[in-house]
Each structure stands twice: as C-alpha cells, then as structure tokens.
Student: 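Here you go, one structure.
Letters A, B, ... mirror the listed sequences (proteins, then strands); counts begin at 1. The figures here come from the full heavy-atom set of this structure, side chains too, leaving out hydrogens, waters and symmetry mates. Note that the structure is predicted; figures quoted are calculated from it, not measured.
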Amino acid sequence: MIRAEEPLIRVEGLHYTYQAGTPKPIPALRGIDLTVQAGEYVAVIGANGSGKSTLLRHFNALLLPTAGNVWVTKWNTRDTVHLRDIRSTVTMVFQVPDDQIVASVVEEDVAFGPENLGVPEDELHQRVDWALAAVGLTELRHRASRLLSSGQKQRLAIAAALAMQPRCLVLDEATAMLDPAGQTQVRKILHQLHQDGMTIISATHNMAEAVQAQRVVVLSEGRIAIQGDPRFVFAQEETLHALQLDVPYPTRMARMLATVIRDFPTDVLTVTELAEAISMHLGQPLELRPKPTTGVR
Amino acid sequence: MSRRTEFEFLGRVTIGQYLPTGSALHRLDPRTKLLVCLLLIAVVVASQSLLGIMLLLGAVLIGLALARIPLSFALSGLRAMLPYLLLLALLQTFAIPQYAANATVLWRWAMLTITDRSILAGILLIARFSVMVLGLSLFSFSTTTTELTHGIEHLLRPWQKLGLPAHELALTVNIALRFVPIIAEEAERLMKAQASRGADFGQGRNFIQRTRKLLPLLVPLFLVSLHRADNLIEAMEARCYLGGKGRTHLIHLQAHAADYLALAAAFALMALVIGLSTANADQLLWRLLSTYL
Ligand SMILES: Nc1ncnc2c1ncn2[C@@H]1O[C@H](COP(=O)(O)OP(=O)(O)OP(=O)(O)O)[C@@H](O)[C@H]1O
Ligand SMILES: [Mg+2]
C-alpha cells in the first residue's frame, strides 16, 4: 500500500450558504477545517440541520464551497476538469434506498457508474461481480431492483458505489431507513470494507454505528463542535446533550451504574465492554465469544 | 383495501403488464418486437381496407396464442376501453357523411345522417383500435421494461452519430417506467394520510365526481415527485453520469435466426395489407358479395 503523503480529503475554511445572494440566505456551513487520511473511518454526527449532508456533498463536488476550498487528493473540487476523477475517487450512498437506484435490474444498476466512466467491457463484468460479492447480492443479480427489500436496496446502492472502485465511500444516513437487521448488515459490510483498506465517512444518527469509527466529528450549526476518537467524544456527555445528541446506550448505562458503584468505568462504548465491566465488578471474568458486537446476526 | 378501488380503471387496463410465460415470443430480441410493433401501428393507421385490418387482427391473435397469453386476459384490457371506443365510433359515424360524396344514405333525421360509408368508418375505427390495443398489450405482455429500454437504445444507437440522444431517450423511458409504481405507492400513502384527516375519496356517482375528489392529491404528489427526481439526479451525478458520451455497456443484445424469421413474416404480412388497401380490395369483396347475395 502507498504511504499517504497527502490527505485523501482536505477541507479548509469551508463556508456554504444555501440561496446565497437571495434576500433569505441560509448559512449551512460556517468555517470547517478537516482532513481525512486514506484508510480512515470517520463518523459525522450532529443534530438535524447541523450541516452533515451539506458537508458530505462537498467531498465529491456535488456542492462547491461558497468560500474556502475542498481538495480530493491533489484536485480542488472547483476544478471541473477533474470532476470524473473526483467522483470516482469519492463515491456516495444516500439515505432513501429507492431514489438512488437507476436501472431496473440489480446488476445493471451496479454497472451504471463504471459504464459512465467508460470502463472496458471485460473489466466491467469483473467489477460488477466483485461489488455484488462484497455486499452479498450475487444471488440476486438478475432480480428487478424494485422488488428488493430496503436493506437489500441499500446494499445494492453500496455495491453500485463500490463498482466505481473508489478510494473513499461517503454515506449520508445510509442506514436511517432500515430495520435493525438491515442496519447491522450494512454496518458489518462497512466494517469489512474498512478492514480491507477503504476510507469511510459516514453521517449517522445511530451512535452504535458511530462507535465503530476511528474518529467522530460532531457538527453543530455548521461548525465542528468536537472531534476525536469515539471514547474521547462520548466522554463529553453534557456537551453532547447541549447539542441534542446522545451517547451510546452502553455508555449511558455505565454512567448510571457509576453513580451507585464506586470506580465503575464510564468510558465503555459497546455492549461487550459494558458486559466486561459488569462481570469484572462481580469478580467473574466473562468468557467472550469472538467479537459479539460486530458479529451480531 | 377499499382505497384501491380508485385505481380500478388503471387496474383493468392490461397494457403495461408483463406476463412471464417463457414462450418463444418472449425470447425474441426486443428490437424485433419493437420494430414489428411500430410497423403494425403504422400499417393499421394507414390501411383503409377492413379486410387488411382483419388480417392484422388475426395475426395479433395468433401472436397472443404463440405467447401463451390467455385470450380472456388480453380481451379484458380491451373491454375496459370499450365504452370510450363505442363513443368514438358513434361520433365517427355521424361525422363522416359531410365528406363522402357518393355514399348511400341509410337514415336521416334533422342534421344527423347515416350512410353506408359512415358505418364502415365506425367499424374501421373500432377494428383499428382493437388491433392497436391488442398489439401493444402483446408487446408489453412479452417484453420487460428493461428489454424495452435496451431495445430502444440499441435501435437508436446508429443515429447517435447524427446527434440523436439514444442513450438519454432510453434512460428517460426506463426511469419513467421505474417510477410509475413508486409514484402510485406515494399516491396511496398521501390518500391514506389525507383520509385519516377526514378527506373523502369514497365512491362518487360518476367518473367526473370521482376524479374531482382526487384533485387535492395532485399538488402534493407533484411536489413529492419533483423531490424524488431531485434525489435521483443527485445520485446519478454522484455516479459520474454526464450523459451518454463515452459510456460502455454491460448488456449487448444478440439477434438470432428466429428474429430474422419473425421480421420477414411481419414485413410480408404488412406488405400484403398495404397491397390490399391500395388495390381497393374491400370494394371488390363488396361487389362480389352483393352479386352473390
Ligand atoms: N436544498 C436546500 N435549500 C435550502 N436550505 C437547505 C437545503 N438543504 C439544507 N438546507 C439547510 O441547511 C442546513 C443544514 O442542512 P443539512 O441537510 O446539511 O443538515 P443535516 O445535518 O444533514 O440534517 P439531517 O440530520 O436532518 O439530515 C439546514 O438549516 C437546512 O435547513
Ligand atoms: Mg442530512
């Protein structure tokens, strides 16, 4: 693997205003500085309207800054000559499953992106095969895309993004409309992709998903309020509450237990960690099955 | 689901449904079926000969049998349109006499006249529409929307060099067709939401009343559709869609011997029908019949 001498995404002094130049401008981003290194897993959280979607749309030039700059590797997103390069380096998965499927057959939808890139045919077939396998949809490749379940549709959307062979996958609340089983499946896929070296940026309201990231970026009213690894961010429960955000359930529970149990650790993030802390307190070490948090069916 | 009754009319229209019977006709190249269909429509419109149109009707019925489509199902689609067809035919019957010079008047009352010509015109109209409706039904019964769009794109691709947006047209058709069930779902959701707040979509006495009750749905439905279209555009842009230029293709259509055979048969039949029409075959037949009867 190449050593990343330059960040994959670099955001400097980013301002974005909707309806700029009209009597009613809506400032959505007000000065964001952010770098994402290749291979990172970043979760973006924040209350409704804090600017998550707006920020994410700058990462592949769907929106261009009102002020400031965004670079994807060495390309400035304002540089329209590199639009194809930028959008095939950073691909997006959106919230509503139905609204991002273009073709009416599963495999043809996966092929839509690389077809647009003019990928030669034999490679096209390889990419489709690989992307479908990565999300476990190989069996359904000839199905009508509208007959899939929401979870399957969202996996299809991920496959369609992967078929562009991006370096970075950006997801805007991609699990928001899925049932718990669907959410878990997508979370597992993201985890696996990250293990294989993909850079992942995911906006989410689901704290269990944010915990899986290496870095959590908290947005508030168009600015970055806090950022750091999940343990650092979720330790600041009061600040998060003020921003109308919750900490993960296991963290909250640990904090409750800490009010009655002396020295109970409050920096737990997952169910496993909570179970471990409780069993430690009871003096009976837990016999852990391999990785239950990410391996839940 | 009594709310579905509002879509009853649409539910009875069978055009646009796909019936996977796996017949030989289903396996034909969509380009073949598209060409034959277009040819059929052109010829049925152009042909002045009832005899020729009856031949086409026969051919379409044979096609339905080959595609293993139950005849009753195909006809039920036609039956839904029958009232409108009869109305049109009636209008036609009364509208014709002004233009026909050497027609025999059969019946006259005030401004209204019926001649032998006008009755023939009415019958022709019904026959034409029946062939068209059954022909298009047969096409849609045996062709998926995906095949249809691939067919359109492949047929138009040679003209791409002359500036015809083949891919864009095909994609437009594809997305329009794909969004029909989604919009229908959205309409149902809106109706339920409005009904729960007291709106009444119950059975009106007639078509116009029932339609009027649906009007409040149109604005929100339109807005929702625009919003969803916006989302789709964004998703397509994110996947580097910049128009048809420089695209490669996953799917390639392949014509087989059966396709050439079907095309040849269709062309022969159409030529025959055009021939019958130009040779005024109906008149010959008419004279033949009247001398013997
Ligand atoms: N197309 C638009 N036109 C005008 N204003 C918009 C538009 N999209 C978003 N905004 C506004 O910009 C601000 C940021 O919105 P954004 O969608 O980025 O927030 P978000 O964090 O993604 O929220 P959510 O959690 O609801 O998805 C909000 O005040 C919103 O009202
Ligand atoms: Mg959003």
Student: Of the non-hydrogen atoms in A238(B) and N60(A), which two are nearest, and what is the gap between them?
Tutor: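 Shortest heavy-atom separation between A238(B) and N60(A) comes out as CB-ND2, 3.9 Å.
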Student: Take L117(A) and R247(B) through the side chain to side chain contact (heavy atoms under 4.5 Å, CB included) test and state the conclusion after the steps.
Tutor: CA-CA 6 Å; L117(A) 294 173; R247(B) 292 187 94 238; over 6 Å; no
Student: So for L171(B), is it side chain, backbone, both, or neither that comes closer than 4.5 Å to the heavy atoms of chain A?
Tutor: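 Just its side chain gets close to chain A.
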Student: Side chain, backbone, both or neither: which part of V128(A) has an atom under 4.5 Å from a heavy atom of chain B?
Tutor: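 Interface part for V128(A): side chain.
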Student: If you count every heavy atom of other residues, nucleotides or ligands that lies below 6.0 Å from R228(B) atom CZ, does the total exceed 12?
Tutor: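 More than 12 within 6.0 Å, yes.
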Student: Please look at A144(A) and chain B and tell me whether the side chain, the backbone, both or neither of the residue comes under 4.5 angstrom of a heavy atom of that chain.
Tutor: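 Contact with chain B is absent: no heavy atom of A144(A) under 4.5 Å.
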Student: Can you tell which of A161(A), A160(A), S145(A) has the highest number of heavy-atom pairs within less than 4.5 Å of chain B?
Tutor: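 Highest number of heavy-atom pairs under 4.5 Å: A160(A).
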Student: Measuring from I175(B):CD1 to I101(A):CD1, what's the distance to the nearest 0.5 Å?
Tutor: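 The distance works out to 12.0 Å.
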Student: Just so I know, are the side chains of E108(A) and I251(B) near enough to count as touching, which here means a heavy-atom distance under 4.5 Å?
Tutor: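 Yes, at least one pair of side-chain atoms sits under 4.5 Å.
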Student: Is chain A contacted by the side chain of H150(B), its backbone, both, or neither, given a heavy-atom distance below 4.5 Å?
Tutor: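 For H150(B), the side chain is the part near chain A, not the backbone.
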Student: Can you name the closest pair of heavy atoms from V102(A) and R239(B) and give their distance?
Tutor: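 In this case the closest contact between V102(A) and R239(B) is CG2-NH2, 3.7 Å.
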Student: Taking the side chain as C-beta and beyond, is there a heavy-atom pair between E237(B) and R87(A) under 4.5 Å?
Tutor: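 In short, these two side chains touch, coming nearer than 4.5 Å.
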Student: For N174(B) and S104(A), work out which heavy atoms get closest and say how close.
Tutor: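 Here N174(B) and S104(A) meet closest at OD1-OG, 3.4 Å.
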Student: Is there side-chain contact between L242(B) and R84(A), with heavy atoms separated by less than 4.5 Å?
Tutor: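 Yes - at least one pair of side-chain heavy atoms lies under 4.5 Å apart.
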Student: Does some side-chain heavy atom of T248(B) sit less than 4.5 Å from a side-chain heavy atom of P120(A)?
Tutor: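 They are not in side-chain contact.
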Student: For D98(A), is it the side chain, the backbone, both or neither that has a heavy atom under 4.5 Å from a heavy atom of chain B?
Tutor: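 Contact with chain B: backbone and side chain both.
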Student: So for P166(A), is it side chain, backbone, both, or neither that comes closer than 4.5 Å to the heavy atoms of chain B?
Tutor: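 Answer is neither: P166(A) stays 4.5 Å or more from chain B.
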Student: Would you check if the side chain of E121(A) reaches a backbone N or O of L250(B) as a donor-acceptor pair within less than 3.5 Å?
Tutor: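 Not at all, since once roles are kept as given, no pair shorter than 3.5 Å links the two residues.
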Student: Look at atom OH of Y241(B) and say whether more than 12 heavy atoms of other residues, nucleotides or ligands are closer to it than 6.0 Å.
Tutor: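 It does: Y241(B) OH has more than 12 such atoms within range.
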Student: Which answer fits F112(A), side chain, backbone, both or neither, if we ask what part of it has an atom under 4.5 Å from a heavy atom of chain B?
Tutor: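 Both backbone and side chain.
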Student: Out of A235(B), G246(B), C240(B), which one racks up the most heavy-atom pairs below 4.5 Å with chain A?
Tutor: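 Of A235(B), G246(B), C240(B), C240(B) has the most heavy-atom pairs under 4.5 Å with chain A.
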Student: Decide yes or no on side chain to side chain contact (heavy atoms under 4.5 Å, CB included) for M236(B) and N116(A), but give the supporting numbers first.
Tutor: CA-CA 10 Å; M236(B) 285 169 62; N116(A) 291 335; over 6 Å; no
Student: Does OH belonging to Y260(B) count more than 12 external heavy atoms closer than 6.0 Å?
Tutor: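 No, the 6.0 Å shell around OH holds no more than 12 heavy atoms from other groups.
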Student: CD/E234(B) to CG/D99(A) distance, rounded to the nearest 0.5 angstrom?
Tutor: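 The CG atom of D99(A) is 10.5 Å from CD of E234(B), to the nearest 0.5 Å.
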Student: Is it the side chain or the backbone of Q95(A) that comes within 4.5 Å of chain B heavy atoms, both, or neither?
Tutor: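 For Q95(A), there is no contact with chain B at all, as no heavy atom is under 4.5 Å.
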Student: Working to the nearest 0.5 angstrom, can you tell me the gap between Q100(A) CD and L232(B) CG?
Tutor: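 Q100(A) CD to L232(B) CG: 9.5 Å, rounded to 0.5 Å.
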Student: May I ask you to name which of E115(A), R146(A), M164(A) has the most heavy-atom pairs under 4.5 Å with chain B?
Tutor: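 Option with the top pair count is E115(A).
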Student: At a 4.5 Å cut-off on heavy atoms, which part of D109(A) comes close to chain B: side chain, backbone, both, or neither?
Tutor: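 When you check distances to chain B, atoms from both the backbone and side chain of D109(A) fall under 4.5 Å.
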